[in-house]
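First up is the structure itself, then whatever we jot down about it.
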Amino acid sequence: MTPRTAALLVVLASAVSVCRPPPESRAPRERASTAFAGTLAPVQRVRSFRPGVARPVLRHVETATGASPGGGYDRVVFEFTGDSVPGYRVEYTTAPVQRCGSGDPVTVAGTGRLIARFEPAQAHDEQSSLAPAERHRVPGLPAVRELTLICDFEGQVAWVLGIAAPSEYRVSELTSPARLVLDVRHAP
């Protein structure tokens, strides 16, 4: 082999190794998991507001159903005034559900009862007009069978969701407008 041929082979080998992707990118790629990632444990976020700042007012509650590669889910969206949602705690309860002011018992369809509490918040405006006006709903969705407001008192707002059977849920926050999104997985 001549020196010129050897030099050409070295240049060619270098070019191939530079243009070739690294070994880890040639390995078969695993698909990213898009399954429903939820929990049965309580989810909480504490939030306070400066004195003089108005409490977020619950303006609207919406329900829908959706699908993901890991299975279907029902969505409940709580929309608030302001630029952020109030503090919240979402959890299943096995205890009897009661209205916060009167102590009256509340029953909802399904075997699971998922409580969504917001603080500081209110579900009425400064003129004491109800916001949202609809405080009970039977959406007839696969997971979320019924939902009702159980508290709008002293800076606390709470809803109970009647769930067909206790199932994983996930919580997310959105802005513009401020919304708390609660997705409940359909039972398998």
Would you check if the side chain of [X] reaches a backbone N or O of [Y] as a donor-acceptor pair within less than 3.5 Å?
| X | Y | result |
| --- | --- | --- |
| Tyr92 | Ser167 | yes |
| Arg135 | Ala123 | yes |
| Tyr169 | Ala41 | yes |
| Arg117 | Gly87 | no |
| Thr81 | Val57 | yes |
| Glu79 | His60 | no |

- Task: Using a cut-off of 6.0 Å, state whether more than 12 heavy atoms not belonging to Asp83 lie near its atom CG.
- Result: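 Counting neighbours around CG of Asp83, 12 or fewer heavy atoms of other residues, nucleotides or ligands fall under 6.0 Å, so no.
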- Can you sort out the partners of Asp74 under salt bridge (charged side-chain N to carboxylate O under 4.0 Å, His left out), two or more places apart, ordered by chain and number?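 Expected list: none.
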- Query: Stepwise, does the salt bridge (charged side-chain N to carboxylate O under 4.0 Å, His left out) test hold for Arg89 with Glu91?
  - Reply: CA-CA 7 Å; Arg89 181 173 177 90; Glu91 65 185 329; 3.1 Å; yes
- Where is the tightest heavy-atom contact between Leu40 and Glu168, given as atom of each residue plus distance?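 For Leu40 versus Glu168, the nearest heavy atoms are CD2-N, 3.6 Å.
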Just so I know, are the side chains of [X] and [Y] near enough to count as touching, which here means a heavy-atom distance under 4.5 Å?
| X | Y | result |
| --- | --- | --- |
| Pro86 | Pro56 | yes |
| Leu114 | Leu182 | yes |
| Arg113 | Val108 | yes |

- Query: Does Arg45 come within less than 4.0 Å of Glu173, counting only side-chain N to carboxylate O?
  - Reply: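 Counted as a salt bridge, because a side-chain N and a carboxylate O are separated by less than 4.0 Å.
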- Item | Ring center gap for Phe118 and Phe80 short of 6.0 angstrom |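 Between Phe80 and Phe118, which both carry aromatic rings, the centre distance is below 6.0 Å.
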